[in-house]
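Below: one structure, written as structure tokens.
Values in this document were obtained by computation on a predicted structure and should not be read as measured data.
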Amino acid sequence: MTFNDGARIEAGRVRRGGGGRGGKMAVGGGVGGIIVLILVLLFGGDPGSLLGSGTVDPNAGSGAAGSEDCQTGADANSDVNCRVEYTVGSLDLVWEQQLDQQTGVAYVRPEVQVFSGSVGTGCGNATSEVGPFYCPADQTAYFDTSFFQELVTRFGSSGGPLAQEYVVAHEFGHHLQTQLGDIGRAQADPRGPESGAVRTELQADCYAGVWAYHADKMVDPDTGQPFLVPLTDNDVRDALSAASAVGDDRIQAAATGRVNPEGWTHGSSEQRQKWFLAGYRSGEVGACDTYSAPNLDNPPALR
């Protein structure tokens, strides 16, 4: 998906660099972090070695280009850090209208931080190995953009823009779940093919699809145009490629040579693609009720 050249974002909306807050580990989802955590758990490792309460250099990652370098949509089309910032601008625009309109709940913006190396969060201290994740404790989405290359080279995803934007939109989906009171279902029922964790992650995929439905239609009142040019079939394939790449079955098969649904936390590749499409084809938050779905392989919106 390509940003309009005339698109503009709010200066300072996204923080850059590391921090040192620390605290209890309580990460809510994450298409990047969960990949590493699944692998650690599969091989009997300690996830606290990746996300814990140790000391973090507050200057870590501060060498990243700042928001002042992201002046136009053209910058977002050429620079991955600017692409994250412009995707955040688009997500704010969509959800500030759609969440209230569709659910009656006023959208509260999450904090967003781009980091490199390590970062302190309300859920503990994280390294770049965790990848993108959302922390409910401080209602912040964290992104190390080096993950996007990992998504291609290590997990076989498309490298297209909407594949990357889908990752950002997924993490915002977890923030919506925090606002709507659903994020705790993942921790209460953390593993298995029908678990609350899987349903929580598939719902975040669906919310990413709802954003994609509206993102090229809603006009930014400050510029008089949408952030994004109309989606193409190739754009949608890019997003589906990313969703497929982080399916539990695919990750397990690559790591161990076998698939064990009882260990799932995010859902299969096919499920992740289908729930993204359920949101994308409907544009409706109500199409994303994974918790009531009797069959996660067959979203009602796709029937």
Side-chain angles (χ1 to χ4, degrees), residues 1 28-31 34 87-88 90-105 107 110 132 134 141 157-158 160-183 185-186 196-218 226-228 230-248 266-303:
M1 185 186 285
V31 293
I34 200 66
T87 304
V88 168
S90 175
L91 284 156
D92 285 340
L93 178 67
V94 168
W95 289 118
E96 280 169 355
Q97 180 186 101
Q98 294 300 318
L99 190 65
D100 187 15
Q101 182 176 299
Q102 295 192 34
T103 72
V105 175
Y107 172 73
Y134 172 76
S157 169
S158 161
L162 194 58
Q164 300 172 357
E165 293 155 17
Y166 150 79
V167 172
V168 181
H170 174 98
E171 301 307 335
F172 267 59
H174 288 310
H175 179 66
L176 300 181
Q177 291 168 329
T178 298
Q179 283 202 250
L180 295 171
D182 292 322
I183 193 71
R185 298 193 190 200
V198 166
R199 293 176 187 272
T200 298
E201 295 301 331
L202 294 179
Q203 185 177 68
D205 286 332
C206 188
Y207 287 159
V210 174
W211 162 76
Y213 172 89
H214 294 282
D216 62 350
K217 302 175 182 66
M218 291 185 58
F227 268 84
L228 296 141
L231 271 71
T232 66
D233 290 343
N234 282 337
D235 289 325
V236 176
R237 282 193 288 269
D238 285 337
L240 294 175
S241 174
S244 174
V246 290
D248 284 330
H266 276 51
S268 70
S269 293
E270 183 177 5
Q271 288 171 335
R272 302 200 70 168
Q273 292 179 87
K274 284 184 174 180
W275 281 99
F276 174 86
L277 284 174
Y280 173 64
R281 291 181 179 172
S282 68
E284 298 291 333
V285 171
C288 301
D289 185 8
T290 55
Y291 300 110
S292 298
N295 183 358
L296 292 176
D297 293 328
N298 190 18
L302 298 184
R303 294 173 190 169

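Put simply, the side chain of Val236 reaches to within 4.5 Å of the side chain of Leu277, judged on heavy atoms. Counting only heavy atoms from C-beta outward, the side chains of Cys206 and Thr290 never approach each other to under 4.5 Å. Using a 4.5 Å cut-off on side-chain heavy atoms (C-beta onward), Tyr107 and Asp100 make no contact. The side-chain heavy atoms of Asp238 and Pro161, taken from C-beta on, include a pair separated by under 4.5 Å. Proximity of Val198 to His266: side-chain heavy atoms (C-beta onward) are nowhere separated by under 4.5 Å.
With sequence neighbours excluded, no residue satisfies side-chain hydrogen bond (donor to acceptor under 3.5 Å, both in side chains) with Thr103. A search for side chain to side chain contact (heavy atoms under 4.5 Å, CB included) contacts involving Ala169 returns Leu91, Ala208, Trp211, not counting sequence neighbours. Contacts of Asp182 classified as side chain to side chain contact (heavy atoms under 4.5 Å, CB included), with partners at least two apart in sequence or in another chain: Gln177, Leu180, Arg185, Gln203, Tyr291. Among residues two or more places apart in sequence or in another chain, the side-chain hydrogen bond (donor to acceptor under 3.5 Å, both in side chains) test is passed with Ser241 by none. Evaluation of the side chain to side chain contact (heavy atoms under 4.5 Å, CB included) rule for Ala242 yields Leu151, Ser157, Ala163, Tyr166 as partners, not counting sequence neighbours. The side-chain hydrogen bond (donor to acceptor under 3.5 Å, both in side chains) check on Gln102 picks up Gln98, with sequence neighbours excluded. Under the side chain to side chain contact (heavy atoms under 4.5 Å, CB included) criterion, Asn295 pairs with Asp297, Asn298, not counting sequence neighbours. Scored by the salt bridge (Lys or Arg N to Asp or Glu O under 4.0 Å) test, Asp92 finds Arg13, Arg109 as partners (sequence neighbours excluded).
Distance check: Arg237 CZ to Leu240 CG gives 9.0 Å after rounding to the nearest 0.5 Å. Rounded to the nearest 0.5 Å, atoms OG (Ser90) and NE2 (His214) are 11.0 Å apart. Summarising the geometry, atom CG belonging to Leu202 is positioned 5.5 Å from atom CD belonging to Gln271; distances are rounded to the nearest 0.5 Å. Atoms CG and CG, from Asp216 and Leu228 in turn, are 7.0 Å apart once rounded to the nearest 0.5 Å.
Between Ala293 and Arg199, the shortest heavy-atom distance links the atoms O-NH1, 2.9 Å. Val167 and Pro132 make their closest contact through CG1-CG, 3.8 Å (heavy atoms, listed as atom of the first residue, atom of the second, distance). Scanning all heavy atoms of the two residues, the minimum distance from Val210 to Cys288 falls at CG2-SG, 3.8 Å.
A donor-acceptor pair under 3.5 Å is formed between the side chain of Asp235 and the backbone N or O of Thr232. Within the 3.5 Å criterion, the main-chain N or O of Val246 finds a donor-acceptor partner in the side chain of Arg272. A donor-acceptor contact shorter than 3.5 Å links the side chain of Asp248 to the backbone of Gly267.
Residue pairs that meet the side-chain hydrogen bond (donor to acceptor under 3.5 Å, both in side chains) test with at least one member in residues 274-284, sequence neighbours left out, are Glu270-Lys274.
Taking the six-membered ring where tryptophan is involved, the planes of Tyr134 and His174 are essentially parallel, since the angle between them stays under 30° and well short of 60°.
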Checklist line | From CA spacing to verdict: side-chain hydrogen bond (donor to acceptor under 3.5 Å, both in side chains), His170, Glu201 | finding: CA-CA 8 Å; His170 174 98; Glu201 295 301 331; 2.9 Å; yes

